[in-house]
Amino acid sequence: DVKVTQSSRYLVKRTGEKVFLECVQDMDHENMFWYRQDPGLGLRLIYFSYDVKMKEKGDIPEGYSVSREKKERFSLILESASTNQTSMYLCATQDRGDQPQHFGDGTRLSIL
Amino acid sequence: QKEVEQNSGPLSVPEGAIASLNCTYSDRVSQSFFWYRQYSGKSPELIMSIYSNGDKEDGRFTAQLNKASQYVSLLIRDSQPSDSATYLCAVNGRLANFGNEKLTFGTGTRLTIIP
């Protein structure tokens, strides 16, 4: 089974803080993704990566950055957290483009 | 028009009945289709994949794909209270700038099984 591990299930931070969300996978998948999920808005793609050190913007990249220094790890960074970034953050991996994505347990992030 | 559309529900079905969930998509070149189940407060869990026209059965679940009409559906037979969840439809398609495929998710249908 695919194992996607997100570093925290719940996280509370203050506005202006720099926040790091970590995601690690054990399946040697090339593709990794970061989404946020908000009620009524569904899953929205923030950033994705198809290879080590490669990153591309998704639909809502503003206020976020990512890092992929190793194949198994994909980090999401909130440069200066704001209250509108309070959300559920989901990491996903994918073997190749025609295959399903597999999700981690998610991080529920609250920015106060 | 949204790329992937689902009826948001809620859809209420009596226990033991068949639940029918529908999804339409706009990208004619899409080749891969997935159904995810998401319990409240949890992450999406893959339950079905379908790539060819027709039906694919897995236990109580049947996925149906019709590429000509651009819809995919999920049937849940003998519905159980544990099937109460939000069901997400996902369709692959091309990323405009890179030629790589991405998954586009519908916003989900909330299903409630009534005991």
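Numbers restart at 1 for each chain; the letters A, B, ... are given by sequence-line order, proteins then strands. Bear in mind that the values here come from a model prediction, so they are computed numbers and not experimental data. Note: hydrogens, waters and symmetry copies are ignored here, and every other heavy atom, side chains too, is used.
Nearest approach of D105(A) to S43(B), heavy atoms of both residues: CA-OG, 3.8 Å. When all heavy atoms are compared, the tightest approach of Q99(A) to Y51(B) is NE2-OH, 3.8 Å. Of all heavy-atom pairs between P44(B) and L90(A), the closest is CD-CD1, 3.9 Å.
By the rule that hydrophobic residues join a cluster once side-chain heavy atoms approach within less than 4.5 Å of another member, L74(B) and Y71(B) end up as members of separate clusters. Taken together through direct or relayed side-chain contacts under 4.5 Å among Ile, Leu, Val, Met, Phe, Trp and Tyr, M32(A) and L45(A) form parts of separate hydrophobic clusters. Residue L109(A) is grouped with residue V66(A) when hydrophobic side chains (ILVMFWY) are merged at heavy-atom distances under 4.5 angstrom, including chains of intermediate members. Using a 4.5 Å cut-off between side-chain heavy atoms of Ile, Leu, Val, Met, Phe, Trp and Tyr, with links allowed through other members, V19(A) and Y35(A) fall into different hydrophobic clusters. Linking ILVMFWY residues whenever their side-chain heavy atoms come closer than 4.5 Å, directly or via other members, leaves F74(A) and V4(A) in distinct clusters.
Counted within 6.0 Å of CZ on R14(A), heavy atoms from surrounding residues, nucleotides or ligands total 12 or fewer; the atom is thus considered open. Annotation for R44(A): atom CZ counts as buried by contact number, over 12 foreign heavy atoms lying within 6.0 Å. Residue K67(B) places its NZ atom among more than 12 non-hydrogen atoms of other residues, nucleotides or ligands, all under 6.0 Å distant.
Judged purely by atom type and a 3.5 angstrom limit, Y36(B) has no side-chain atom pairing as donor or acceptor with the backbone of H102(A).
Taking CG of D98(A) as the reference point, atom OG of S32(B) lies at 4.5 Å (rounded to 0.5 Å). Taking NZ of K42(B) as the reference point, atom CE of M88(A) lies at 8.5 Å (rounded to 0.5 Å). The distance from the CZ atom of F48(A) to the CG atom of L103(B) is 12.0 Å, given to the nearest 0.5 Å.
In this structure, chain B has a heavy atom under 4.5 Å from the side chain of Q37(A), while its backbone stays farther away. Using a 4.5 Å cut-off between heavy atoms, E45(B) makes no contact with chain A at all. Interface residue R108(A): only side-chain heavy atoms are found under 4.5 Å from chain B. In this structure, the portion of R9(A) lying under 4.5 Å from any heavy atom of chain B is its side chain and not its backbone.
L43(A) places a side-chain heavy atom less than 4.5 Å from the side chain of L88(B). A heavy-atom distance below 4.5 Å is found between the side chains of Q101(A) and F105(B).
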